[in-house]
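Accompanying notes for the structure given below.
Here is how names work: the chains are called A, B, and so on, in the same order as the sequence lines, proteins then strands, and each is numbered from 1.
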Amino acid sequence: MLAIESLAVARGGVAILEGVSFALSAGQALVLRGPNGCGKTTLLRTIAGLQPPLAGRIVAPGDVIAYGAHADGLKATLSVVENLHFWAAVYGQPARVATALAEMNLAALAHRAAMSLSAGQKRRLGLARLLVTGRPVWVLDEPTISLDAASVELFANALRAHLGTGGAALIATHIDIGLVATATLDLTAHKARAPQDGGAAGGFDEAFA
Amino acid sequence: MLAIESLAVARGGVAILEGVSFALSAGQALVLRGPNGCGKTTLLRTIAGLQPPLAGRIVAPGDVIAYGAHADGLKATLSVVENLHFWAAVYGQPARVATALAEMNLAALAHRAAMSLSAGQKRRLGLARLLVTGRPVWVLDEPTISLDAASVELFANALRAHLGTGGAALIATHIDIGLVATATLDLTAHKARAPQDGGAAGGFDEAFA
Amino acid sequence: MIALLARDLRLAVRAGGGFGLSLAFFLIVTVLVPFGVGPEGGTLARIAPGILWVGALLACLLSLDRIYALDFEDGSLDLLATAPIPMEAVVSVKALAHWLTTGLPLVLAAPVFGVLLHLPGPAFVWLVLSLGVGTPALSVLGAFGAALTVGLKRGGLLLSLLVLPLYMPTLIFGAELIARGASGGATTTPLLMLAGITAATVALVPFAAAAAIRVNLR
Amino acid sequence: MIALLARDLRLAVRAGGGFGLSLAFFLIVTVLVPFGVGPEGGTLARIAPGILWVGALLACLLSLDRIYALDFEDGSLDLLATAPIPMEAVVSVKALAHWLTTGLPLVLAAPVFGVLLHLPGPAFVWLVLSLGVGTPALSVLGAFGAALTVGLKRGGLLLSLLVLPLYMPTLIFGAELIARGASGGATTTPLLMLAGITAATVALVPFAAAAAIRVNLR
Amino acid sequence: MSIWEYANPKKFMQTSAWALPWVTGLAAITLVAGLVWGFFFTPEAANFGTTVKIIYIHVPSAMMAINIWVMMLVTSLIWLIRRHHVSALAAKAAAPVGLVMTLIALFTGAIWGQPMWGTWWEWDPRLTSFLILGLFYLGYIALWQAIDNPDTAADLTGVLCLVGSVFALLSRYAVNFWNQGLHQGASLSVDKQENVSDVYWYPLLLCITGFILLFIMLVLTRTRTEVRLRRLKALEARERLA
Amino acid sequence: MIPELGKYAVSVMSAYGVTLVLLVGIVAQSLWRAARVRRALDAQEQRTGARNG
Ligand code: HEM
Ligand SMILES: Nc1ncnc2c1ncn2[C@@H]1O[C@H](COP(=O)(O)OP(=O)(O)OP(=O)(O)O)[C@@H](O)[C@H]1O
Ligand SMILES: Nc1ncnc2c1ncn2[C@@H]1O[C@H](COP(=O)(O)OP(=O)(O)OP(=O)(O)O)[C@@H](O)[C@H]1O
Ligand SMILES: [Mg+2]
Ligand SMILES: [Mg+2]
């Protein structure tokens, strides 16, 4: 469903990862690991199509990726259902709102303004947003931040169900998510090298002499 | 250093915790636990003096508390040292900047603008801010979010050193911090009851004929 | 797209009214000017068309940076960029929402403000016409300027600086239209120009704005 | 407190210049008005003092919502509230920083803009004097309004609505001072009133603003 | 028994429930009587012609517009100092009524100005300061609506009312200084009536009373609504938390 | 029945008209909102059984 071929990504004009390759097929989940600042967020943004890759290819059919970033894209003054309804409408999936609310245990909070939620409740809403997209490939950046143990369990269940129905997921995280089976990719090995060590040359690596 | 006596706290005009009591003396750390939305953030804000308690007392000498919230109070356009220098100047502790940088492994990033840091690097900077306050009582809301294992270890070391020099810490978290010895307080038991069940009455609890 | 429009309008109403507030600001500008300039009716009547247009323009300007800023900060813009709606549509819808909450109320309320500035009687029709035809261009151009500055902290003043020169032609023809209408002059040329500017802007600028946003999100 | 001032000034310069931009905005308003109003020198000269004051006031207004908004969003304001600086001092310093980056440049550059509007010769001294004495009050009152709306999304227009009526006395006395100065009238009363308003505002309003911020952080 | 007991929501609800029908009835009677008397049974004035009939709405509404702001100032102070919720809610309830009164004064004044001064609007100090007052009302109402937490809103609007009052006074003085206008001086005063003969004075007095009673009725009704709304919000929040 | 208002008829009538519209408006809005909130509160009290909470 998603194949990455020797991808290199850059931030602030500097290459940070290179030679990243993997493939995800239906029912698979891949966990990205690596120390802080190794480039997980940058890689996910590139795969989601928000920034162009420096080199390599991203092979995926159109309209399969649902990106879940750090920021949840919630409107503070709208209620929980209003927020979900909006995203469901954008993705043309209005019927999914009710199940998403139930799955993320938000039914009791449905009519609260998003700004009056606690950190973990907001995060749950962010995950519910993912469910209403109806997209098969989830690309998630640290999805379980701020969640208590019960909510992490909810998320793991949702993820399991998603994989079970032929979905796939790519998850960057530092914390263990209690999941049956996931592959892990450690990005430390893919740290971009300087051009003189064989890394990709940027636009201004020519010697001016 | 800090004593809480049957504190009740409210958010949005509704009591959420009541009867919270504990005392922290030098060298002690207390971890607050409880599911999402149980009121940890609200309790910490009240103790930090940002909102008035509904009932009960907070006994602490003036100017001992350093509050570390979710948001780190970093200026995106200032560099890492500039950010730290500012807070050091506010707390009158300009000499601490260098050690804080070293302790949080930020020396290599010192002259980067805060906006170009990754999530975990930002968090480290937020923790370094805490070190430059020179305040003895740390009140921290989920301090290890987004940190990788090595950085969590850095934080644990800093915390251990802080406790060793007579400091104290109050920490709300869902994740285990590898610490030698901390007491734990579960807030689930302190959930505020409705007035008819013996909870505190608010301003509009009278029934109107 | 309708969902986006509905959401933006709802947000504008929810957040203490993008609706009433730009009106109030317009009112305040038209009230301020006589204070600065002095109360004589003659002077006021002469400068009224210009002041009304400048007031509308500033009311518009003040609300521009909110077109995307909030969506950028809370991550919605990233998510919209990955959603199955073309960015051009997002921009157009947001410009439309801005016009509905800012331009339209101004058009409807302008005659009242005209009274405050002693605008001569025959000019009122032209005032409404000129604002009605001209303000959509302000919203679309504003959406373009906002797209250029999205993601910049303190983009507000920079935004004004970028957008104001773009507003100049609209302002000149708009004010001229009212002034000629008031004095019974030939109104065809300014009216045509104004309509032309608006039509061309609405048709073409969203593409530029969408490109700018995509670059800014990178 | 000096650290806070230094930081705010540095941020203003770093973020693409609160400095130059309010000037540029002022310039644009003074340029727009002749376009809207028409170029006759007589009319322009008569309305010049008022327009200059209104322009200064709007330039000031546009930058107001940034006094605390950024600090609120990134959590600095919470942290400052728990820091060993009284909130009154924070407010005063922030108002001062706002004046230094907005009011002061306007005062210094105003004579140039006066030329654009055909301001009569003797009025220039009074223009600088009146802006110099009056603009600090604008910054402090703005800091108060911004304190009331801190934490509100889309507070910008609401802020203008709250603050502009408060600016009215300053505007009236300020413009009147220039007008009288230009025509050789008695300038003592407006000057005294202007100075009095500024002094009282600077002395008292920070307390109200600090109270408002504390309430808003609750 | 202290007056502060009425600041207790329950006590307030009981008392106002008892008083409301009486106030409503009295308001209706005086207002209708005053307006009918003024509109149908008063002669033309030499200088104003029949437009003098406008005075029966113009003057009471203008007076109420000012007095309502003063009332809001007092209740805001009570809230800020003694923290009685009902007091803050009364200020919130009064503001829209004040705005409507300001609008009535402005509209009737404008309509009156057209035949008398030959213009709908003149930058006369009286009129101008009313415009500014209207702006203060607008800002005050907008601030109430923009803030979610009711206690926060009460505090902030209270502070705004305080600062705003000072600046409203200051504006009045500034405006006077800026332009001496066309408007009537205050020729009405309760003890001495030089310019107004009894024919106009008595129905006017009746109308003023009617407007005051109408205001009391509206404020009681609206404050009761606000009190109920607070209780409703509290119950809902508690239900959600349970 | 309507008194002779002469050349000022339009002014006087429109002044009274505007006033009545505004007054009736604010009264109606107050009463309508009062009724609505009262109903909502009654329903809520019924639901929570918080009659004497
Ligand atoms: C928008 C326009 C106007 C406003 C805001 C306004 C406002 C006021 C105010 C505040 C008062 C004082 C009430 C009091 O405190 O006793 C008043 C009284 C009065 N106004 Fe106006 N006015 C306006 C236009 C006019 C016009 C055009 C006329 C007639 C030519 C007029 C005639 C009067 C008269 C006769 C009184 C009673 C004065 C007295 O004897 O006290 N007003 N108006
Ligand atoms: N504008 C920039 N200029 C230079 N380097 C940058 C810029 N922005 C980000 N970086 C660097 O790029 C690297 C990758 O950042 P990224 O956010 O992708 O890391 P991450 O793996 O998501 O880390 P974390 O686990 O902390 O979230 C970091 O080292 C960061 O400091
Ligand atoms: N304005 C409000 N009105 C009503 N309830 C609110 C409001 N704001 C917050 N709450 C509720 O108050 C409770 C406490 O929130 P708080 O942020 O203190 O929780 P927390 O323990 O920090 O949770 P988390 O672990 O998710 O961060 C939550 O249930 C939240 O939904
Ligand atoms: Mg990251
Ligand atoms: Mg929390």
Student check: side-chain heavy atoms of [X] and [Y] closer than 4.5 Å:
| X | Y | result |
| --- | --- | --- |
| D:P165 | E:F167 | no |
| D:F207 | E:V159 | no |
| D:L164 | E:L135 | no |

May I ask you to decide whether D:R218 forms a salt bridge with E:D151, counting only side-chain N to carboxylate O separations under 4.0 Å? no
Roughly how far apart are [X] [atom1] and [Y] [atom2], rounded to 0.5 Å?
| X | Y | atom1 | atom2 | answer |
| --- | --- | --- | --- | --- |
| E:L131 | D:M168 | CG | CE | 7.0 Å |
| D:L148 | E:T152 | CG | OG1 | 12.0 Å |
| E:L160 | D:L166 | CG | CG | 7.0 Å |
| D:N216 | E:N149 | CG | CG | 10.0 Å |
| E:I147 | D:L158 | CD1 | CG | 8.0 Å |

Atom group of [X] that falls short of 4.5 Å from chain E, counting heavy atoms:
| X | answer |
| --- | --- |
| D:T201 | side chain |
| D:A212 | both |
| D:L171 | neither |
| D:R180 | side chain |
| D:L204 | neither |

At a heavy-atom distance under 4.5 Å, which candidate from D:L141, D:T170, D:V163 has the highest pair count against chain E?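 Counting heavy-atom pairs under 4.5 Å, the top option is D:L141.
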